[in-house]
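These notes concern the structure reproduced below.
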Amino acid sequence: MPTPVTKAIFPVAGLGTRFLPATKSVPKEIMTLVDRPLIQYAIDEARAAGIEEFIFVTARGKSALEDYFDHSPELERALEDKGKAELLDALRDTYMESGQIAYIRQHKALGLGDAVRCARRLIGDEPFAVILPDDVIAAEEPCLKQMVEAHAETGGSLVAAMEVPTEKTSAYGILDVESEEGAAVKVRGMVEKPKAEDAPSNLAVIGRYILSPAVMDHLDNTDKGAGGEIQLTDAIAREIELGAPVHGFRFKGQRYDCGSKAGFLQATVAFGLDRPDLRDELRAFLTEIISVQTAAE
Ligand code: UTP
């Protein structure tokens with residue numbers, strides 16, 4: 001039985017250039033989907049999966065993120081005085097206990113692999129999760145929970161995977177599949193951002209990982225790869241070369257790429273339509289605006 005996964009790394013040190021100028025002063029991970037910042041969705045998913053230690057890899061200009069997890073006694077008192085129990089619950093959901101949370105600085109945005117490597121000393125010799133908060137996954141059973149359960153069977157490293165259209169492979173790490181084992185697929189190779197003609201499949205890695213601690217060692221010996229960045233994919237590929245088990249995991253759920261403008265808008269609409277308090281008004285508005293636009297075309 002593999003060691004249980006209790007630690008998660010949240011790399012949040014990227015520059016977020018696709019959302020400039022907003023990200024000049026607001027970290028991407030604090031941007032709001034309906035009424036909660038992206039990071040809150042990631043934390044809730046991790047908690048549901050049994051994660052107990054939350055490690056944030058941050059950077060200059062991200063202090064709003066650290067403030068977000070602080071307790072806010074004044075706000076709490078004001079809500080208590082007004083008897084706003086529901087809002088108080090929502091506020092308390094954001095709190096993280098001091099011993100549960102750690103912040104590490106990535107001094108230069110050298111890539112996701114480098115960001116993960118920054119958390120090395122806090123991980124030690126245990127498997128660990130990595131969650132990219134800009135990938136938001138709507139699922140009946142939270143994606144990381146599905147993965148923790150699958151990892152108890154597969155051990156080794158497990159990466160969340162989904163089919164993408166062939167013309168989009170150059171935006172993802174792509175799996176070279178050896179065999180299908182139910183929701184898990186055994187992987188014999190991984191390539192970061194291949195052109196469509198070079199892609200070994202159209203099964204793409206998205207922002208949820210459970211990794212063997214050996215991946216940290218490989219990151220120490222990983223040079224810059226695709227895009228001039230230190231790539232997590234390259235370190236996982238090294239694990240495969242050494243014969244260690246690496247699986248892709250076809251999760252159940254809908255993933256939204258909230259690191260892109262189109263993905264963020266789609267998520268906003270989908271999450272809005274999923275909310276009983278907003279659904280009717282939003283649906284009526286969408287129907288109306290689409291019919292007006294269609295008539296104008
Ligand atoms: P992205 O590839 O989305 O990059 O990073 P980015 O910098 O956040 O955004 P763009 O492309 O400039 O718009 C994927 C995840 O990896 C983290 C990001 O914070 C995001 O959660 N990351 C990326 C780091 O923590 N450090 C890095 O050096 C690069």
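In this text the structure is predicted, and so the values were computed from the model without any measurement. What's counted below: heavy atoms across the whole structure, side chains too, no hydrogens, waters or symmetry copies. Atoms within each ligand, like the ligands themselves, are counted from 1 in listed order.
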If the cut-off is 4.0 Å to any non-hydrogen atom of [X], which atoms of ligand 1 fall inside it?
| X | value |
| --- | --- |
| Leu110 | 28 (O) |
| Gly111 | 26 (N), 27 (C), 28 (O), 29 (C) |
| Ala109 | 28 (O) |
| Lys28 | 3 (O), 6 (P), 8 (O), 9 (O) |

Name the orientation class of the two ring planes belonging to Phe54 and Phe10 (parallel below 30°, tilted from 30 to 60°, perpendicular beyond 60°).
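Parallel.
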
Test of understanding: given a 4.0 Å heavy-atom threshold, classify the contact between [X] and ligand 1 as side chain, backbone, both, or neither.
| X | result |
| --- | --- |
| Val12 | backbone |
| Glu29 | side chain |
| Lys108 | neither |

Does Asp134 have a non-hydrogen atom less than 4.0 Å from ligand 1?
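For ligand 1, residue contact (heavy atoms, under 4.0 Å) with Asp134 is present.
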
Measuring from non-hydrogen atoms of Gly14 to any atom of ligand 1, is the shortest distance under 4.0 Å?
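Contact present.
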
[atom]: the protein heavy-atom neighbour that sits closest, reported with distance to 0.1 Å:
| atom | answer |
| --- | --- |
| atom 25 (O) of ligand 1 | Ala13 N, 2.9 Å |
| atom 12 (O) of ligand 1 | Thr17 OG1, 2.5 Å |
| atom 7 (O) of ligand 1 | Leu15 N, 2.8 Å |
| atom 3 (O) of ligand 1 | Arg18 NH2, 2.9 Å |

Which heavy atom of [X] sits nearest a heavy atom of [Y], and at what distance?
| X | Y | answer |
| --- | --- | --- |
| Phe128 | Val116 | CE1-CG1, 4.0 Å |
| Ala160 | Met147 | N-CE, 3.5 Å |
| Gln146 | Ala139 | NE2-CB, 4.0 Å |

Measuring centre to centre across the rings, with the benzene-like ring taken for any Trp, is Phe264 within less than 6.0 Å of Phe19?
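Centroid separation for Phe264 and Phe19: below 6.0 Å.
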
Check whether any N or O atom of [X], backbone or side chain, sits under 3.5 Å from an N or O atom of ligand 1, and answer yes or no.
| X | result |
| --- | --- |
| Gln106 | yes |
| Pro11 | yes |
| Leu132 | no |
| Leu112 | no |
| Ala115 | no |
| Pro133 | no |

For the atom pair CD (Glu229) and CG (Asp234), what is the distance rounded to the nearest 0.5 Å?
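Interatomic distance, Glu229 CD to Asp234 CG, rounded to 0.5 Å: 11.0 Å.
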
Rounded to the nearest 0.5 Å, how far does CZ of Arg208 lie from CZ of Phe251?
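Answer rounded to 0.5 Å: 8.5 Å.
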
Check Arg117, Arg120, Arg238 against Asp217 for a side-chain hydrogen bond (donor to acceptor under 3.5 Å, both in side chains) and give me the one that passes.
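Considering Arg117, Arg120, Arg238, a side-chain hydrogen bond (donor to acceptor under 3.5 Å, both in side chains) with Asp217 is found only for Arg120.
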
Taking atom CD of Glu153 as the centre, report whether more than 12 heavy atoms of other residues, nucleotides or ligands fall under 6.0 Å from it.
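No - once you tally the heavy atoms of other residues, nucleotides and ligands closer than 6.0 Å, there are 12 at most.
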
Is Arg188 atom CZ crowded by more than 12 heavy atoms from other residues, nucleotides or ligands, each under 6.0 Å away?
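Above 12, so yes.
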
Residue among Arg255, Lys28, Arg18 satisfying salt bridge (charged side-chain N to carboxylate O under 4.0 Å, His left out) with Asp134:
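Going through the options one by one, the only one that passes is Lys28.
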
So, the side chain of Thr169 versus the backbone of Asn202: is there a donor-acceptor pair under 3.5 Å, distance only?
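No; judged by distance alone, with no hydrogens or angles, the pair does not exist.
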
